[in-house]
Amino acid sequence: MLGILMMAVMSVAMVSCGSNTPTAEDVAKKLDSKETLTQNDYAVMLDYCGDYAKKAQKYFDIINPQPNDSTAEYQRAADDLAKLSEKYPYLDMFRGVVYNVPLTDFDEANQKKVEEYSKYQAFPLPDGAGVNMTNPTIVGDIEDMPFSNGTDTTVIATGDGVAVDTNVAH
């Protein structure tokens with residue numbers, strides 16, 4: 001009986017020691033204590049934000065096409081989005097870090113995570129990822145969205161890229 005108990009304790013010890021992946025709570029504690037973050041810590045934050053962004057996308061897909069924020073669909077989706085956010089207590093903390101970390105500070109695996117999650121609206125893009133909006137000739141992203149003033153639904157441009165203002169003084 002003692003032998004079985006010892007084997008169980010050893011198994012639990014080996015499993016807990018063998019795991020180098022920190023939890024979201026572990027990473028939050030490191031941030032609070034201003035410890036240096038590892039690539040594993042960044043991976044946890046990226047996956048945490050990415051998991052939220054994936055789940056939130058279905059609500060953004062309902063919210064975005066609404067003509068205003070007073071439709072029933074908008075309100076239901078916004079309420080559901082707020083409930084989802086409550087399930088991610090470290091979201092704001094992790095987003096703040098991810099926004100401010102240069103993309104080049106991530107290793108290749110984490111850069112791939114950024115690329116994968118960047119297709120979701122709620123994912124925070126690290127510094128240097130996405131469109132560089134500091135260029136004065138870039139006036140915005142090209143989106144598949146109609147101009148919405150209530151009557152005109154013409155799509156002025158579609159696809160990925162940036163809209164360039166050719167009227168900018170040189």
Side-chain angles (χ1 to χ4, degrees), residues 12 15-135 138-148 157-163:
V12 169
V15 168
S16 64
C17 291
S19 176
N20 290 334
T21 305
T23 66
E25 184 177 2
D26 294 336
V27 175
K29 286 178 183 177
K30 280 182 93 169
L31 288 169
D32 283 340
S33 65
K34 298 181 181 10
E35 292 180 45
T36 302
L37 299 175
T38 66
Q39 290 298 322
N40 282 343
D41 297 329
Y42 288 134
V44 168
M45 287 189 289
L46 293 170
D47 286 336
Y48 189 90
C49 293
D51 185 60
Y52 169 80
K54 280 182 185 179
K55 291 176 181 173
Q57 190 61 48
K58 67 181 175 184
Y59 303 117
F60 285 113
D61 290 344
I62 295 168
I63 291 170
N64 291 339
Q66 299 303 312
N68 58 56
D69 63 0
S70 62
T71 65
E73 293 87 359
Y74 184 103
Q75 291 299 318
R76 276 194 298 273
D79 289 345
D80 291 342
L81 189 58
K83 289 175 188 167
L84 177 65
S85 294
E86 290 173 2
K87 296 177 182 177
Y88 290 83
Y90 307 114
L91 188 62
D92 289 337
M93 175 189 282
F94 290 175
R95 277 181 172 167
V97 172
V98 172
Y99 278 130
N100 291 299
V101 173
L103 182 62
T104 55
D105 283 4
F106 293 132
D107 64 12
E108 186 177 333
N110 283 333
Q111 287 183 19
K112 285 183 182 183
K113 287 177 187 285
V114 169
E115 183 179 334
E116 173 191 341
Y117 294 135
S118 67
K119 64 185 168 190
Y120 301 106
Q121 184 174 340
F123 185 75
L125 289 176
D127 185 31
V131 176
N132 179 0
M133 297 302 276
T134 59
N135 182 332
I138 297 176
V139 295
D141 291 328
I142 296 174
E143 300 179 18
D144 293 329
M145 292 190 70
F147 177 73
S148 137
T158 62
D160 294 330
V162 294

State, with a plain yes or no, whether a side-chain heavy atom of D26 is found less than 4.5 Å away from one of V44. no
Show your working on side chain to side chain contact (heavy atoms under 4.5 Å, CB included) between C49 and Y88 and close with a plain yes or no. CA-CA 9 Å; C49 293; Y88 290 83; over 6 Å; no
Applying side chain to side chain contact (heavy atoms under 4.5 Å, CB included), run through T36 and D41 and close with a yes or a no. CA-CA 9 Å; T36 302; D41 297 329; over 6 Å; no
S33 side chain to E35 side chain, donor-acceptor N/O pair below 3.5 angstrom: yes
Restricting to non-hydrogen atoms, name the atom on A56 and the atom on L81 that form the minimum distance, rounded to 0.1 Å. CB-CD1, 3.5 Å
Quick one: do K112 and E116 make a salt bridge, cutoff under 4.0 Å? no
List the atom of P124, the atom of V98, and the distance in Å for their closest heavy-atom pair. O-CG1, 3.3 Å
Does any non-hydrogen side-chain atom of V27 lie less than 4.5 Å from one of M93? no
When rounded to the nearest 0.5 angstrom, what distance separates CG in D69 from OG1 in T71? 8.0 Å
Establish, from distance only, whether the side-chain atoms of Q57 and D61 form a donor-acceptor pair under 3.5 Å. yes
Please find the pair of heavy atoms, one from V114 and one from A129, that lie closest to each other, and give the distance. CG1-CB, 4.2 Å
For residues A53 and Y120, report the shortest heavy-atom separation together with the two atoms involved. CB-CB, 3.6 Å
Between OH on residue Y90 and CD on residue E25, distance to nearest 0.5 Å: 4.0 Å
Y74 side, atom OH; N64 side, atom CG - distance, nearest 0.5 Å: 8.5 Å
Under-4.0 Å salt bridge between D80 and R76: no
Whether over 12 other heavy atoms sit under 6.0 Å from Q75 CD: yes
Just by modelled atom types, is the I63 backbone N or O under 3.5 Å from a matching donor or acceptor in the E73 side chain? no
Could you grab the distance from atom OH of Y99 to atom CG of D127, nearest 0.5 Å is fine? 12.5 Å
Please evaluate residues K54 and Y117 with respect to the criterion side chain to side chain contact (heavy atoms under 4.5 Å, CB included), reporting the C-alpha separation (whole Å), side-chain torsions for both, the decisive distance (0.1 Å), and the verdict. CA-CA 8 Å; K54 280 182 185 179; Y117 294 135; 3.8 Å; yes
Run the salt bridge (charged side-chain N to carboxylate O under 4.0 Å, His left out) check on K83 and D79 step by step: do they pass? CA-CA 6 Å; K83 289 175 188 167; D79 289 345; over 6 Å; no
E86 side, atom CD; L91 side, atom CG - distance, nearest 0.5 Å: 12.0 Å
What's the spacing between M45 CE and F106 CZ if we round to 0.5 Å? 6.5 Å
Side chains of Y42 and D107: do they bring a donor and an acceptor to under 3.5 Å? no
Kindly say whether I62 contributes a backbone atom to a donor-acceptor pair with the side chain of Q66 at under 3.5 angstrom? yes
Just checking, is any N or O donor in the side chain of T38 or N40 under 3.5 Å from an acceptor N or O on the other one? no
Determine the interplanar angle of the F94 and Y48 rings, folded into 0 to 90°, and report it as parallel if under 30°, tilted if 30 to 60°, perpendicular if over 60°. perpendicular
